[in-house]
> 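I'd like to ask you about the structure that follows.
A note on names: the letters A, B, ... follow the listed sequences, proteins ahead of strands, and every chain is numbered from 1.
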Amino acid sequence: MAYWLMKSEPNAYSIVDLKRDKKIYWDGVRNYQARNFMRSMQVGDQAFFYHSNCKVPGIAGMIKIVKMAYPDHTAFDPDDPHYDPKSKADNPRWEMVDVAFVRAFPEVVSLAQLRETASLEKMQILRKGNRLSITPVTPEEWDIILKLAK
DNA sequence: GCCAACGTTGGC
DNA sequence: GCCAACGTTGGC
């Protein structure tokens, strides 16, 4: 059982959308490192839902993995913004997992708040230049952030 | 909108 | 295999 952090731009898909949908496939990951993290995810793993590229970037809630990695079909679709002609149906390059809503935090635990928390200084998301859309979270970091979220 | 940081591509 | 050029990410 592992913990993760998964980024999404709320303009595209937010925790509020997931609350409505209950469950969604996490498509569009086009980075090998992030894909490899998804491959190692197990059903029951939990993750923070991170809002990026928005007014208040930060952790907006909790989700859980409900289906292990399988081919990301959006890579096969020329009309999809994440289309990748190099990913073939008989040899898929990209994968996705299914995630389900767990809860939305009453207030986003902001990036600024995370940065102010000394015990989180080694968190991957806080490292300079970090752009990975999926990163592992340690159990210690998980607990600290849950307390910040109240 | 700016721009630093990063990953990928492709010529050589 | 190197590395310059390019595209993308994402905070500010």
> Parallel, tilted or perpendicular: which describes the rings of A:Phe37 and A:Trp4, with under 30° parallel and over 60° perpendicular?
tilted

> How long is the line joining CG of A:Leu114 and P of C:dC12, in whole Å?
11 Å

> Please report the distance, rounded to the nearest Å, between CD1 in A:Ile125 and C1' in B:dA5.
14 Å

> Picking from B:dT8, B:dT9, C:dG10, which would you name as closest to the side chain of A:Asn53?
C:dG10

> Roughly how many Å is it from CD in A:Gln113 to P in C:dG11, rounded to a whole number?
15 Å

> Between C:dC12, B:dG7, B:dA5, which one does the side chain of A:Leu111 approach most closely?
C:dC12

> Would you tell me whether A:Asp21 and A:Tyr13 have side-chain atoms, one donor and one acceptor, within less than 3.5 Å of each other?
yes

> Quick check for you: among B:dT9, C:dT9, C:dC12, whose closest atom lies nearest to any side-chain atom of A:Arg131?
C:dT9

> Students often get this wrong, so: under 4.0 angstrom with heavy atoms, is A:Lys55 touching a base, only sugar-phosphate, or nothing?
nothing

> Compute whether any side-chain donor of one residue and acceptor of the other, for A:Ser52 and A:Arg131, lie under 3.5 angstrom apart.
no

> Take the protein atom CZ of A:Arg30 and the nucleotide atom C1' of B:dT8, then report the distance between them rounded to whole Å.
15 Å

> Is the phosphate of C:dT9 approached by A:Tyr50 (side-chain N or O, under 4.0 Å from OP1 or OP2)?
no

> Nearest to the side chain of A:Ser52 - C:dG10, C:dC12, B:dT8?
C:dG10

> So, is A:Lys128 close to the B:dA4 phosphate, meaning a side-chain N or O under 4.0 Å from OP1 or OP2?
no

> Of the options B:dG7, C:dG10, B:dT9, whose atoms approach the side-chain atoms of A:Lys86 most closely?
B:dT9

> Quick one: A:Leu5 CG to C:dG10 P, roughly how many Å, whole number?
11 Å

> A:Asn130 CG to C:dT8 C1': how many Å, rounded?
14 Å

> Grab the NZ-P distance between A:Lys7 and C:dT8 for me, whole Å please.
16 Å

> For the CD atom on A:Glu107, are there more than 12 heavy atoms of other groups (residues, nucleotides or ligands in this structure) within a distance under 6.0 Å?
no

> Provide, to the nearest angstrom, the distance between the NE2 atom belonging to A:His51 and the C1' atom belonging to C:dC12.
19 Å

> Please tell me whether A:Trp94 and A:Asp84 have a donor and an acceptor in their side chains that are separated by less than 3.5 angstrom.
yes

